[in-house]
Amino acid sequence: MRTADAQVTNADVAERLALMGRLLDITGADRYRIGAYERAARQVERLSLRVADLDEEELTRIPGIGARIAGQIRETVATGSFAELEELQAAIPESLIELLKISGVGPRTLHTLWKQLGILTLDDLEQAVKGRRLQNLPGFGAKKEETIARGIRQYRSRPDRMTRPAAEAVLTRLEAVLPDGQYTAAGSYRRGAATVGRVTVVTTADRAAFTDRVAAVDERRLEVRFTEPARCGTALLCATGSAGFLGRLSEAALTSGYGLTPGGLLENANGRVHTFGSEEEVFSFLGMTPIPPELREDRGEVELALRHALPDLVETRDVRGDFHSHTTRSDGRQTLEDVAEAGDARGYDYIAITDHSSRVSPEALREQRAAIERVNRRHDCELLAGSEVEIRSDGSLGYENRVLADLDLVIASVHSGHNQDQDVLTRRILTAMENEHVDIIGHPTGRLLDRRPPYAVDLSRVMAHAAETGTALEINASPHRLDLEDIYILHAKKRGVKLAAGTDAHCTGEFANMKNGVMLARRGWCAPGDLLNTLPLSGLLEWLS
DNA sequence: GCCGTTTTCGGCCCGACTGTTTTCAGTCG
């Protein structure tokens with residue numbers, strides 16, 4: 001345990017408080033007491049002052065922090081933790097907390113499993129399910145047992161891959177070790193893949209001096225390749241991949257009489273090694289147009305580069321606006337004013353406000369439109385009055401048509417009934433597209449990269465119907481969704497389906513996620529014209545009408 | 001646990017959905 005120091009960060013304190021909430025939840029504590037810790041954790045996380053610098057009186061002035069939690073924060077700043085948390089930690093095994101990640105297992109269920117069956121680990125739970133011991137518990141039944149069995153299967157088979165933020169966290173830790181600017185991220189991260197198995201970087205730092213230090217960062221999930229400045233071109237190419245792309249590129253090089261190696265191009269006739277400081281020089285030497293990393297997936301890009309016929313890809317600077325955002329009206333943490341300011345800062349023409357229909361009554365929606373009109377007078381970036389309307393499990397929408405008709409833009413999304421079979425789920429979405437007011441289908445497969453596989457939607461049918469009805473499909477740019485995936489974007493584009501990138505921003509910082517949407521669109525070979533976001537406001541309004 | 005006050009208790013975000021019930025509890029977003 002840490003001793004008194006000034007190093008305790010807000011993130012450390014927030015983590016302790018959030019853990020307290022989770023542990024209380026498992027013990028079956030009062031839900032409002034639990035909520036108090038969760039709220040306090042969020043407040044500390046958001047605070048722009050260092051919590052370690054505040055005294056007890058100042059702490060209690062933060063909304064959601066009273067005398068008790070203020071004391072626990074002071075204790076954490078002084079000692080690294082607080083007594084009540086440590087007592088709970090001693091009482092609740094760590095392996096139990098992990099079980100909360102299983103879909104269908106919430107704190108109350110976990111409490112029962114723990115107290116009634118003595119379940120402590122994932123293996124315990126799996127054995128109990130196999131022995132059919134869950135369905136006889138009070139409040140449990142055969143279906144709940146099956147839900148948990150499915151949750152365990154999903155959890156066990158989750159791919160051991162990082163989301164992009166997790167990969168970025170590894171890069172941040174690397175930054176502290178390597179001298180300034182001496183590395184370039186490569187691998188699937190650089191190609192813009194949705195998830196990353198291993199972070200690969202290329203560095204010109206001194207191998208002898210840094211091998212051990214970088215190894216200490218994350219041996220399992222980080223691979224550092226050392227090179228020298230004069231060989232960066234081929235080193236970066238080889239480290240970026242993909243394997244399929246490198247295979248094609250090697251074939252092309254061989255045709256010209258060269259072997260591709262990280263150290264350079266080996267001239268087969270005389271054994272001479274040609275070195276290149278940049279990737280562009282390598283491509284140019286081989287008579288090719290440079291291939292953007294996002295295209296390097298062996299989908300015909302090498303052939304096109306040789307013919308100087310690569311497509312023009314959309315770029316971040318082409319994007320005129322964002323189609324998906326939430327405010328405090330539903331589950332966001334930003335106001336209309338915050339959104340408009342963020343839009344101005346990004347130089348956008350427009351941002352659509354799309355709060356959840358389930359959280360906003362038709363009356364509140366009308367008030368919001370009036371508020372939007374007031375905010376719009378003060379900003380260059382125009383807010384559009386929109387909604388993310390529920391596609392309910394019976395296929396009906398969260399608002400009546402007369403409500404939808406008053407909106408500038410409507411996203412329709414599935415948030416429930418994820419386990420419906422393919423036909424039922426697909427038909428929900430097809431029905432939603434038939435509604436003339438629905439402009440965009442939100443996160444079309446519903447996947448959450450670190451938590452949940454896509455639902456069983458038939459995207460072929462969805463795309464065919466989208467083309468017919470003129471409905472756009474969203475490219476959800478949240479790094480936890482990245483939905484649609486690139487391969488489907490490619491299909492959608494071929495079928496003439498419009499694509500609409502949206503960040504799903506719940507706070508202003510998340511508008512920056514648009515870069516992920518653009519990256520995904522590029523992986524799907526999108527030109528600027530394939531993304532609705534590249535339209536100026538007038539063009540967008542025309543498309544919407 | 002916090003907060004506000006009609007000031008020391010009573011309310012705290014909530015709707016959809018599912019599975020368990022037969023009027024509700026738990027999960028999810």
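Labels below follow one simple rule: chain letters A, B, ... track the order of the sequence lines, proteins then strands, and each chain is numbered from 1.
Put simply, the residue from A/Leu537, A/Asp344, A/Val375 that forms a side chain to side chain contact (heavy atoms under 4.5 Å, CB included) with A/Cys381 is A/Asp344.
For A/Asp160, the CG atom sits in a loose shell: 12 or fewer heavy atoms of surrounding residues, nucleotides or ligands are nearer than 6.0 Å.
A heavy atom closer than 4.0 Å to some atom of DNA chain B occurs in A/Arg359, these being the qualifying members of residues 359-367 of chain A. Scanning residues 93-106 of chain A for heavy-atom distances under 4.0 Å to DNA chain B yields A/Ser103, A/Gly104, A/Val105, A/Gly106.
Among the heavy atoms of the strands, none lies under 4.0 Å from A/Arg329. Among the atoms of the strands shown, only primed sugar atoms or phosphate atoms (P, OP1, OP2) are found under 4.0 Å from some heavy atom of A/Ala142. Across all strands, A/Ile65 comes closer than 4.0 Å only to sugar-phosphate atoms, never to a base (heavy-atom distances). Among the heavy atoms of the strands lying under 4.0 Å from A/Arg108 are primed sugar atoms or P, OP1, OP2 only; no base atom is included. Nucleic acid contact for A/Asp30: base, since at least one base atom lies under 4.0 Å from a heavy atom of the residue. Using a 4.0 Å heavy-atom cutoff across all strands shown, A/Arg392 reaches sugar-phosphate atoms only and no base atom. The residue A/Ile62 sits close only to the backbone: its heavy atoms come under 4.0 Å of sugar-phosphate atoms, none of a base.
Annotation: B/dT7 and B/dC14 have their C1' atoms spaced 29 Å apart (nearest Å). Taking atom P on both nucleotides, B/dA25 is separated from B/dT20 by 15 Å, rounded to a whole Å.
Ring orientation note: the planes of A/Tyr455 and A/His418 are tilted relative to one another, at an angle of 30° to 60°. Taking the six-membered ring where tryptophan is involved, the planes of A/Phe82 and A/Tyr37 are essentially parallel, since the angle between them stays under 30° and well short of 60°. The aromatic rings of A/His324 and A/His326 are tilted relative to each other, their planes meeting at an angle between 30° and 60°.
On the nucleic acid side, DNA chain B has its first and last nucleotide under 4.0 Å of a heavy atom of chain A at B/dG1 to B/dG29, going 5' to 3'.
Note on A/Asp483 versus A/Arg447: no salt bridge recorded, every NZ/NE/NH1/NH2 to OD/OE distance being 4.0 Å or above.
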